[in-house]
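Below you'll find the structure, written out as structure tokens, and then a few comments.
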Amino acid sequence: MRIGYPCINRRIGCTANSTFRLNSYSKERVRLAVSNNLDCLFKILKWNSENDLRFFRISSDIVPFASHPVMDVRWTHEFKKELKLVGHLVRQENMRISMHPDQFVLLNALDKGIVQRSIAELRYHAEVLDAMGIEDAAIQIHVGGMYGNKAGAMDRFINTYRRLPANVKKRLAIENDERLYSLADCLAIHERTKIPVIFDSFHNELNGRMPLKEAMNKASATWGRMPLMMDYSSQEKGKRPGTHAEHIDNGHFRKFLKEAKGDFDLMLEIKDKEKSAVQALRIAKEMGWL
DNA sequence: CCATGTCAAGGTCAC
DNA sequence: GTGACCTTGACATGG
């Protein structure tokens with residue numbers, strides 16, 4: 001099992017997701033941001049490997065505005081060396097990588113323009129991973145909207161998926177969300193497409209509520225010989241249901257690990273990031289998971 | 001220098 | 001049909 005956290009490290013004093021306003025766009029701003037982001041990403045991954053955290057989500061802001069028409073920097077070319085360096089470290093330290101384009105990527109939108117922009121955004125994510133030479137990372141997305149007809153929306157998702165470029169397709173994974181598409185829905189899409197399903201245990205508690213063992217078994221089966229990729233969180237007390245915890249809830253986490261089964265990599269979607277990840281790692285080691 | 005409003009992109013739900 | 005909310009840090013501006 002590998003344990004990790006998404007995008008941001010609060011301890012080492014740099015960020016790999018710096019961006020700027022579209023209004024302030026210039027070639028120089030892009031170069032400055034990308035240079036800073038790649039430099040910091042390398043430092044974070046280095047810190048992670050030294051702390052035995054071997055799962056990390058690279059921020060979609062690593063190259064700001066990459067899929068926007070305004071982009072006019074050939075960043076894959078200009079930062080070739082730095083991108084390769086990251087990939088080298090990832091392979092050397094046996095780390096697993098994911099990326100998670102946000103809510104604007106909707107492969108099943110009714111509007112063709114939205115679908116086109118979504119595909120462009122996915123292409124960008126695949127280009128980052130191509131340039132790093134990381135073939136087996138996941139680009140994780142949700143199924144999308146319902147548009148008043150879930151079956152139709154799922155059909156549209158599948159049809160668009162089939163037309164995606166190969167470098168996107170080989171990395172795309174879908175994740176159950178907390179309101180619209182449950183794990184069962186994602187598994188149904190897997191049946192028709194073979195897309196791997198990332199299991200989010202917190203979302204499953206809010207939507208679907210498939211028993212944990214069954215959920216993990218079924219999601220695992222979608223990954224073939226690769227370990228299941230999982231997102232984990234717990235409810236922040238006193239906040240709207242669905243709010244991610246500020247700190248890891250030790251009791252909840254131990255209970256989860258007691259029930260969990262199989263070979264999986266775990267991403268802690270908890271707000272204090274590497275702090276909780278370090279603690280989770282300690283607990284998992286205590287309980288004999290690694 | 002600090003406080004506050006704002007940020008590429010969409011969808012859903014309550015009213 | 002309109003506005004709040006999702007979710008989040010940090011950019012950017014105005015005082």
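Every chain is numbered from 1, with letters handed out A, B, ... down the list of sequences.
- Straight-line distance between the C1' atoms of C:dA10 and B:dG11: roughly 25 Å, to the nearest whole Å.
- Nucleotide B:dC1 forms a pair with C:dG15, judged by Watson-Crick or G-U wobble geometry with both contacts under 3.5 Å.
- As judged by a 4.0 angstrom heavy-atom cut-off over every strand, A:Q116 is placed among residues making no nucleic acid contact.
- Using atom P as the reference point in both C:dG1 and B:dA8, the two lie 28 Å apart (nearest Å).
- Among A:W289, A:W223, A:F55, the single residue meeting the ring pair (Phe, Tyr, Trp, His ring centres under 6.0 Å) criterion with A:F264 is A:W289.
- Counting to the nearest Å, the C1' atom of C:dC6 and the NZ atom of A:K239 are 14 Å from each other.
- Residues A:S18 and A:N36 have side chains that bring a donor and an acceptor to within less than 3.5 angstrom of each other.
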Per-nt protein contacts along nucleotides 9-15 of chain C (heavy atom under 4.0 Å; B base, S backbone sugar-phosphate only, - none) come out as SBBS---
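- Rounded to whole Å, the separation between the C1' atoms of C:dT8 and B:dC1 comes to 24 Å.
- A straight line from CD of A:E236 to P of C:dT8 spans 11 Å, rounded to a whole angstrom.
- Nucleotide B:dC15: paired with C:dG1 (Watson-Crick or G-U wobble, both distances less than 3.5 Å).
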Scoring nucleotides 10-15 of chain B by protein non-hydrogen atoms under 4.0 Å (B base, S sugar-phosphate only, - none) yields BSS---
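- Following rounding to the nearest Å, A:D61 (CG) and B:dA9 (C1') show an atom-to-atom distance of 12 Å.
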